[in-house]
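Below: one structure, written as structure tokens.
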Amino acid sequence: RPVILSGMQPSSGSLHLGNYLGALGNWVRMQQDYDAYFFVVDLHAITVPQDPDALRAATRATAAQYIAAGIDPQQSTLFIQSHVPAHAELAWVLNTLTGFGEAARMTQFKDKSAKHGTDAASVGLFTYPILMSADILLYQADAVPVGDDQRQHLELTRDLATRFNSRFGETFVVPEAFIGKEGARIYDLQHPTAKMSKSAESDAGLIRVMDEANVTKKKIMRAVTDADGEIRFDREAKPGIANLLTIFATMTGRTTDSLVEEFAGGGYGDLKKALVEVVTERLGAIRTRTLELLDDPAELDRTLGAAADRANERAEATLATVYDRIGLLRRP
Ligand code: ATP
Ligand code: MG
């Protein structure tokens, strides 16, 4: 079976609607047809400052949300990135194969470092896409289901795989990005031209999986729209409404056209109310299940431990080949 792999950062302890609709929901649908590896990228999370205890709790909570959303840990390998040392080891090798200018072209670093100032940004944040390349190449993944914001990082991964293969001989599978059509990019409810992100400045535009229903309701009802009062899908002229329609469509599997048809007669309030129902019902179920799983951390840790063993086996095999190919002396 073809291999897929994907991960998310544990920051803040709750995934958001963009993570769910752009990535996690697709993972759940794909896991039957692929040999799937899903992991929580704690090593990526520390590229910005984290509180140690909060990070530990958020890492468990993120794994629990994967399961609660429908990832089956019997079927898929669900593990924690730092439990597999080969990620950091292969990242070092790939660092030596990446041009400085090549890394400097990554727009996510430019966006994120602009927020904190380049001096405050860590070198780890700069090399984030190289660690991500290592994550993917270690497992010989055929496809990587991610949101549209990861397109450029996937290109870098493909370039590095191709470069390594041509320099040292066929070693890595060159992975394809798998980017869903609907939900590939969910926008902030308050700034509907900026992607919904856990590192957003304000909380009001961010729907969290772990928010209580009344909080989610308030955020949706206060979502920024526009003054013309007409419900139609127009990303340019009406980004707020377009975003609400996209969320609705992706959640329900309906088309935005059919939603426009249904809601065209009414006001924005009716659309928002119906969306509140859809979103709170789905997220409520995930939240409840997550809290149950977190009630038994020992059981969750057993699941993660078994998966780490499987992941390590596959990753170590790739790393050993890489070390051999580049000429590192085998440990006697
Ligand atoms: P940050 O902004 O701090 O990078 P994030 O919200 O992008 O956080 P990540 O853990 O970096 O979260 O991303 C996890 C997955 O969620 C990736 O596959 C990414 O493409 C997807 N994703 C993130 N934000 C969105 C969004 N707004 N719409 C669709 N997919 C998204
Ligand atoms: Mg991100």
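Just follow the structure's listing: the first ligand is 1, and inside any ligand the first atom is 1.
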All side-chain contact (heavy atoms from CB on, under 4.5 Å) counterparts of Phe263, not counting sequence neighbours: Ile231, Phe248, Leu259, Leu271, Ala274
Could you work out, for atom 26 (C) of ligand 1, the closest of Ile186, Leu15, Asp111 by heavy-atom distance? Ile186
Heavy-atom proximity to atom 29 (C) of ligand 1 ranks first, among Ala184, Ala23, Gly147, for Ala184
Donor-acceptor side-chain pairing of Tyr323 and Arg330 below 3.5 angstrom: no
What is the ring orientation for Phe109 with Phe126, classed by angle as parallel under 30°, tilted 30 to 60°, or perpendicular over 60°? perpendicular
Atoms of ligand 1, numbered as shown, that sit under 4.0 Å from any heavy atom of Gln150: 20 (O)
Considering Lys112, Arg185, Gln108, Met8 one by one, which has a heavy atom nearer to atom 4 (O) of ligand 1 than any of the others? Lys112
Pairing donors with acceptors under 3.5 angstrom, does anything connect the side chains of Gln81 and Asp135? yes
Pick, from Asp149, Thr246, Val41, Val146, the option with the minimum heavy-atom distance to atom 20 (O) of ligand 1. Asp149
Flag this pair as yes if the NZ/CZ of Lys273 is under 6.0 angstrom from the six-membered ring centre of Tyr268 and inside a 45 degree cone about the axis; otherwise no. no
List ligand 1 atoms under 4.0 Å from Met196, heavy atoms only on the residue side. 24 (N), 25 (C), 26 (C), 27 (N)
Does atom CD of Glu261 have more than 12 heavy-atom neighbours, drawn from other residues, nucleotides or ligands, at distances under 6.0 Å? no
Decide whether an N or O pair under 3.5 Å exists between Asn19 and ligand 1. yes
Below the 3.5 angstrom mark, is there an N/O of Asp148, backbone or side chain, next to an N/O of ligand 1? no
List every atom of ligand 1 that sits less than 4.0 Å from any heavy atom of Gly22, numbering the atoms from 1 in the order shown and giving each element. 29 (C), 30 (N)
Indicate yes or no: does an N/O atom of Ser6 lie under 3.5 Å from an N/O atom of ligand 1? no
Would you confirm whether the ring centroid of Phe164 sits within less than 6.0 angstrom of the ring centroid of Phe172? yes
